[in-house]
Trainee: 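The structure follows.
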Amino acid sequence: MRSTPEPREGVAVTGRVELDCPFCGAHLVVSQVQGDRCSCGAEFMRFGPGERETAWDFYRAVTGPRHLLEPAEDEYVVAHL
């Protein structure tokens, strides 16, 4: 199942991004470039300023349910199960 990338509202704070999980709706903070996980099992990969293409490349490479989120200007998060 492929999901259509759509921006989600969020708050960017230096070194972290707060957002709602697109799979279960839980509020969480993504602070790691790799390895942040939601209680539902979703993994979140954060990409910072200037990494838009890298985020898209990772989004395209990941299989299974996934979302490309843009919680704040020039911040990107790929969420996948």
Side-chain angles (χ1 to χ4, degrees):
M1 177 172 123
R2 293 184 61 176
S3 63
T4 303
E6 58 184 62
R8 299 273 188 191
E9 289 186 25
V11 178
V13 180
T14 303
R16 67 187 197 160
V17 177
E18 295 183 29
L19 49 80
D20 292 332
C21 176
F23 297 102
C24 72
H27 186 76
L28 57 106
V29 176
V30 177
S31 61
Q32 302 295 317
V33 174
Q34 292 185 319
D36 279 323
R37 290 191 178 269
C38 181
S39 60
C40 73
E43 182 174 6
F44 294 82
M45 310 292 272
R46 183 173 61 89
F47 298 88
E51 296 184 310
R52 182 177 191 271
E53 289 304 314
T54 304
W56 271 104
D57 289 345
F58 183 77
Y59 173 82
R60 287 189 280 265
V62 173
T63 60
R66 64 197 190 270
H67 294 270
L68 176 62
L69 315 173
E70 189 175 352
E73 185 175 339
D74 211 21
E75 288 279 343
Y76 308 93
V77 175
V78 176
H80 64 95
L81 290 174

Trainee: Please list, chain by chain and in numerical order, all residues satisfying side-chain contact (heavy atoms from CB on, under 4.5 Å) with A55, sequence neighbours excluded.
Mentor: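 By the side-chain contact (heavy atoms from CB on, under 4.5 Å) rule, A55 matches F47, L68, Y76.
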
Trainee: Passes side-chain contact (heavy atoms from CB on, under 4.5 Å), V17 versus R46? Steps please.
Mentor: CA-CA 8 Å; V17 177; R46 183 173 61 89; 3.9 Å; yes

Trainee: Listed by chain and number, what are the salt bridge (charged side-chain N to carboxylate O under 4.0 Å, His left out) partners of R37, not counting sequence neighbours?
Mentor: E43

Trainee: So, for L81 and G41, which heavy atoms are closest and what is the spacing to 0.1 Å?
Mentor: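 So the two residues come closest at CD2-C, 4.0 Å.
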
Trainee: Under the salt bridge (charged side-chain N to carboxylate O under 4.0 Å, His left out) test, which residues partner D74, sequence neighbours left out?
Mentor: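 None.
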
Trainee: Going from OG on S31 to CD on E18, what distance comes out if it is rounded to the nearest 0.5 angstrom?
Mentor: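 S31 OG to E18 CD: 10.5 Å, rounded to 0.5 Å.
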
Trainee: Using the salt bridge (Lys or Arg N to Asp or Glu O under 4.0 Å) rule, collect all pairs that involve residues 48-59, keeping only residues at least two apart or in two chains.
Mentor: D57-R60

Trainee: Please give me the minimum heavy-atom distance between A42 and F23, naming the atom from each residue.
Mentor: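 That would be CB-CD1, 3.6 Å.
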
Trainee: Could you check whether any side-chain heavy atom of L28 comes within less than 4.5 Å of a side-chain heavy atom of L19, counting everything from C-beta outward?
Mentor: yes

Trainee: Any side-chain heavy-atom pair from P49 and E75 closer than 4.5 angstrom?
Mentor: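 Touching, per the 4.5 Å side-chain cut-off.
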
Trainee: Please round to the nearest 0.5 Å and tell me the distance separating atom CZ of F44 and atom NE2 of H80.
Mentor: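 Between F44 CZ and H80 NE2, I get 9.5 Å after rounding to 0.5 Å.
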
